[in-house]
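Whatever order the structure lists ligands and atoms in, that order sets their numbers, starting from 1.
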Amino acid sequence: MTNLRIGHGYDVHRLEEGRKLILGGVEIPWDRGLLGHSDADVLVHAVMDALAGASRLGDIGKLFPDTDPAYAGISSLKLLEEVGRLLAERGFAVVNIDAALLAQAPKIAPYKERMAENIAAALGIEPEQVNVKATTEEGLGFTGDGSGMAAHAAALLERVG
Ligand code: MG
């Protein structure tokens with residue numbers, strides 16, 4: 001059996017006034033932010049779910065329940081670091097991650113490299129192993145009307161231990 005494992009993650013958060021917009025660990029100036037128990041970093045949540053899927057850790061709802069006050073307002077990069085530790089414990093190394101943000105606005109291009117660097121740093125891997133991209137959904141649906149953002153991620157792991 002191959003030592004490679006693929007995982008996919010998907011997440012959605014609602015946009016609300018009075019919240020900071022944190023994406024890939026970068027605070028982006030915007031009139032609204034994502035609503036959630038943690039910092040609601042939808043991109044990092046999708047990445048964590050992809051990693052959890054590939055390693056059969058389940059999903060982030062199981063790892064970090066939103067009923068646990070310990071995770072209230074926490075930086076999702078801290079949670080990603082914990083996922084990285086769990087992967088290492090189980091003998092997995094990250095081969096690469098590809099993450100896609102679905103949002104009508106704001107423009108994400110100026111921040112993509114920093115997001116990739118943040119994700120890589122949290123996992124102790126190289127920025128070249130992480131790709132962050134973004135797309136609009138052409139004004140359609142909940143991302144198109146600005147009521148929320150979504151993210152997909154794919155992760156490839158190799159069992160090394
Ligand atoms: Mg989430």
Side-chain angles (χ1 to χ4, degrees), residues 5-87 90 92 94 96-108 111-112 114-125 129-137 140-157:
R5 297 286 183 277
I6 194 168
H8 173 257
Y10 175 68
D11 196 29
V12 170
H13 282 266
R14 185 183 292 275
L15 276 166
E16 296 264 325
E17 288 179 4
R19 291 274 301 182
K20 289 180 179 173
L21 179 60
I22 312 285
L23 293 169
V26 179
E27 186 176 336
I28 297 174
W30 192 237
D31 60 353
R32 284 161 294 155
L34 295 170
L35 187 66
H37 184 62
S38 65
D39 64 1
D41 189 330
V42 68
L43 189 75
V44 171
H45 290 189
V47 167
M48 290 193 285
D49 255 352
L51 295 167
S55 59
R56 293 198 88 249
L57 282 166
D59 59 57
I60 58 169
K62 178 179 150 194
L63 293 172
F64 310 114
D66 65 7
T67 51
D68 188 334
Y71 304 126
I74 195 170
S75 164
S76 295
L77 289 176
K78 292 278 170 213
L79 302 179
L80 182 59
E81 283 177 18
E82 178 60 21
V83 170
R85 272 192 288 277
L86 293 170
L87 292 179
R90 283 161 178 73
F92 286 108
V94 177
N96 75 306
I97 291 167
D98 186 19
L101 180 76
L102 281 58
Q104 194 64 33
K107 287 276 178 241
I108 300 302
Y111 309 104
K112 286 192 294 193
R114 274 172 64 202
M115 294 179 189
E117 287 167 12
N118 286 343
I119 291 166
L123 291 167
I125 61 176
Q129 292 170 271
V130 181
N131 186 65
V132 173
K133 58 199 179 192
T135 182
T136 73
E137 291 192 293
L140 297 167
F142 68 85
T143 69
D145 69 15
S147 54
M149 291 183 179
H152 288 271
L156 189 66
L157 303 182

State, to the nearest 10 degrees, the angle whose vertex is the Mg ion (ligand 1) and whose arms point to NE2 of H13 and ND1 of H45. 90°

Between E82 and R85, does at least one N-O distance fall below 4.0 Å, as a salt bridge requires? yes

Positive for side-chain hydrogen bond (donor to acceptor under 3.5 Å, both in side chains) with S76, one of D41, N118, D39: D39

4.5 Å side-chain heavy-atom contact, E17 and D31: no

Output the atom name for the N/O/S atom of D11 with the smallest distance to the Mg ion (ligand 1). OD2

Indicate if the distance from the Mg ion (ligand 1) to the nearest N, O or S atom of D41 falls below 2.8 Å. no

Tested for side-chain contact (heavy atoms from CB on, under 4.5 Å) against L156, the lone hit among I6, I97, D98, L51 is I6

